[in-house]
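This report refers to the structure that appears directly beneath it.
As the structure lists them, so they are numbered: ligands from 1, and atoms in each ligand from 1. Only a predicted model underlies this, so the values are computations on that prediction, with no experimental measurement involved.
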Amino acid sequence: MSKVAIVTGSAGGLGKGIAERLCSDGFSVVVHDINEQLLNETVNEFKNKGYDVIGVKGDVSKRNDQFNLVKKGVEKFGHLDVFVNNAGIDAVSPFLEITEEQLNKLFSINVNGVVFGTQAAAEQFISQKSKGKIINACSIAGHESYEMLGTYSATKHAVKSFTHSAAKELAKYQITVNAYCPGVAKTKMWDRIDEEMVKYSDDLKPGEAFEKFSSEIALGRYQTPEDVANLVSFLASDDADYITGQAILTDGGLVYR
Ligand SMILES: NC(=O)C1=CN([C@@H]2O[C@H](COP(=O)(O)OP(=O)(O)OC[C@H]3O[C@@H](n4cnc5c(N)ncnc54)[C@H](O)[C@@H]3O)[C@@H](O)[C@H]2O)C=CC1
Ligand SMILES: CC(=O)C(C)=O
């Protein structure tokens, strides 16, 4: 019987890289996203590669959608082993321009989404009477608070905090809760961050905000989805059974904690 993983926001970006890696690790995978067209494209691409996947559309900020996601995954594959709370969004603005709308939107997706996903997965693990692994997308911005990324950084600090508290409460069920903290990966998220940072700057040209962040990476290159997937693959494996409550940096040497 193959292991089963759900990865939220996995039609593109880091989530897609994580979902593909878990497929090649032998998992049956539920690919999930709010973007239905991209979701269908990714599911078809994975099926053509021979991977055992289904697609479920949903919005992580809606509690019912998160419980429906687990239900659909279990209806198809019979059980659940790993739930990756990957979906997240960005926002760029000076502190004095942070709006109520920005705060509500980012917290509802990046934080509420992680809480609801964790609750849905944990209920399933408990009812299965099995161990289970919950793996959350944090960030270097969950360890360091960046200028122009104040709201985003606050959401990722909240993800780290919920990773700690959920790990403490769920350990008695043999459920582990950990987080991966990427650095600077060239996905659509960074394309948007770069575009916004350039708008707010007098001297940055398109691409230069990304280059500026990347130039500080000790290992000398920006991150790929595969770099992130390497860590998530380990956290999803039995080799990580004794690790819980950790928010692990994978950033090529950028933030040291
Ligand atoms: N790209 C980077 O350098 C870094 C990314 N991260 C985190 O990694 C995660 C993935 O980031 P990327 O792949 O770069 O982002 P991305 O924007 O490239 O991809 C995110 C995916 O999530 C989906 N999504 C957005 N809102 C959703 C919602 N409400 N419900 C369901 N799906 C939704 C999008 O449609 C998209 O397919 C995020 O949590 C992000 O904060 C952390 C550190 C660095
Ligand atoms: C996108 C991200 O997580 C940053 C800038 O730390």
Side-chain angles (χ1 to χ4, degrees), residues 6-20 30-43 55-66 68-69 84-92 104-114 116-117 120 135-160 162-163 179-197 209-214 216-217 221-229 231-232 247-252 254-255:
I6 293 174
V7 186
T8 68
S10 52
L14 300 183
K16 183 178 178 186
I18 291 165
E20 178 148 27
V30 181
V31 182
H32 161 274
D33 213 280
I34 198 168
N35 181 335
E36 190 164 19
Q37 192 190 328
L38 195 61
L39 178 66
N40 291 337
E41 283 168 21
T42 299
V43 169
V56 176
K57 186 189 172 200
D59 178 348
V60 293
S61 70
K62 298 201 160 54
R63 194 172 189 274
N64 284 345
D65 281 18
Q66 293 285 65
N68 178 57
L69 170 60
V84 185
N85 278 307
N86 169 75
I89 60 166
D90 49 281
V92 175
N104 289 339
K105 190 170 175 202
L106 258 77
F107 273 87
S108 97
I109 293 174
N110 294 6
V111 183
N112 300 11
V114 167
F116 301 149
I135 307 171
N136 298 329
C138 188
S139 166
I140 47 172
H143 291 266
E144 181 75 47
S145 300
Y146 291 97
E147 291 163 275
M148 304 295 284
L149 290 166
T151 305
Y152 179 80
S153 300
T155 65
K156 292 302 179 179
H157 277 70
V159 168
K160 189 172 66 175
F162 276 123
T163 301
Y180 52 102
C181 304
V184 184
K186 194 157 178 26
T187 61
K188 294 250 163 55
M189 176 173 282
W190 248 108
D191 291 346
R192 287 188 301 268
I193 293 173
D194 183 79
E195 204 180 312
E196 289 303 309
M197 285 195 170
F210 179 75
E211 271 169 31
K212 200 169 150 214
F213 261 77
S214 308
E216 287 168 22
I217 300 170
R221 65 167 176 87
Y222 63 75
Q223 187 158 30
T224 64
E226 291 74 22
D227 293 320
V228 179
L231 173 58
V232 178
I248 302 173
L249 285 154
T250 165
D251 64 0
L254 191 54
V255 169

Item checked: Positive for side-chain contact (heavy atoms from CB on, under 4.5 Å) with D59, one of T8, N64, I34, L69 -> I34
Note to self: Heavy-atom contact check, 4.0 Å cutoff: does K186 meet ligand 1?
What the structure shows: no
Notebook entry, point to check: Heavy-atom contacts under 4.0 Å between I109 and ligand 1: side chain, backbone, both, or neither?
Noted result: side chain
Checklist line | G17 near ligand 1 by a heavy-atom separation under 4.0 Å | finding: no
Margin query: With nothing but distance in play, are any N or O atoms of Y146 less than 3.5 Å from an N or O of ligand 2?
Written below: no
Next item on the list: Could you tell me whether ligand 1 has any atom less than 4.0 Å away from a heavy atom of T8?
Entry: no
Notebook entry, point to check: For ligand 2, which part of V184 has a heavy atom less than 4.0 Å away: the side chain, the backbone, both, or neither?
Noted result: neither
Notebook entry, point to check: Looking at D65 and K57, does any basic side-chain N land under 4.0 Å from a carboxylate oxygen?
Noted result: no
Checklist line | Any K16 heavy atom less than 4.0 Å from ligand 1 | finding: no
Check: Does N136 use its side chain to pair, donor to acceptor, with the backbone of C138 at less than 3.5 Å?
Finding: no
Margin query: Any heavy atom of C181 closer to ligand 1 than 4.0 angstrom?
Written below: no
Note to self: So for atom CZ, which belongs to F213, do other residues, nucleotides or ligands contribute more than 12 heavy atoms lying within a distance under 6.0 Å?
What the structure shows: yes
Item checked: N/O donor-acceptor pair under 3.5 Å between K156 side chain and S139 backbone -> no
Check: N/O of W190 under 3.5 Å from N/O of ligand 2, yes or no?
Finding: no
Next item on the list: Answer side chain, backbone, both or neither: which part of D90 comes under 4.0 Å from ligand 2, heavy atoms only.
Entry: neither
Item checked: Parallel, tilted or perpendicular: ring planes of W190 versus F210, cut at 30 and 60 degrees -> perpendicular
Notebook entry, point to check: Among the heavy atoms of Q223, does any lie under 4.0 Å from an atom of ligand 1?
Noted result: no
Check: Do any heavy atoms of P225 fall under 4.0 Å from ligand 1?
Finding: no
Notebook entry, point to check: Evaluating non-hydrogen atoms only, which member of A87, C138, A137 is closest to atom 42 (C) of ligand 1?
Noted result: C138
Checklist line | Check: A137 main-chain N/O paired with N86 side-chain donor or acceptor under 3.5 Å | finding: no
Margin query: Tell me if a side-chain donor or acceptor on H32 pairs with a main-chain N or O of G55 at a distance below 3.5 Å.
Written below: no
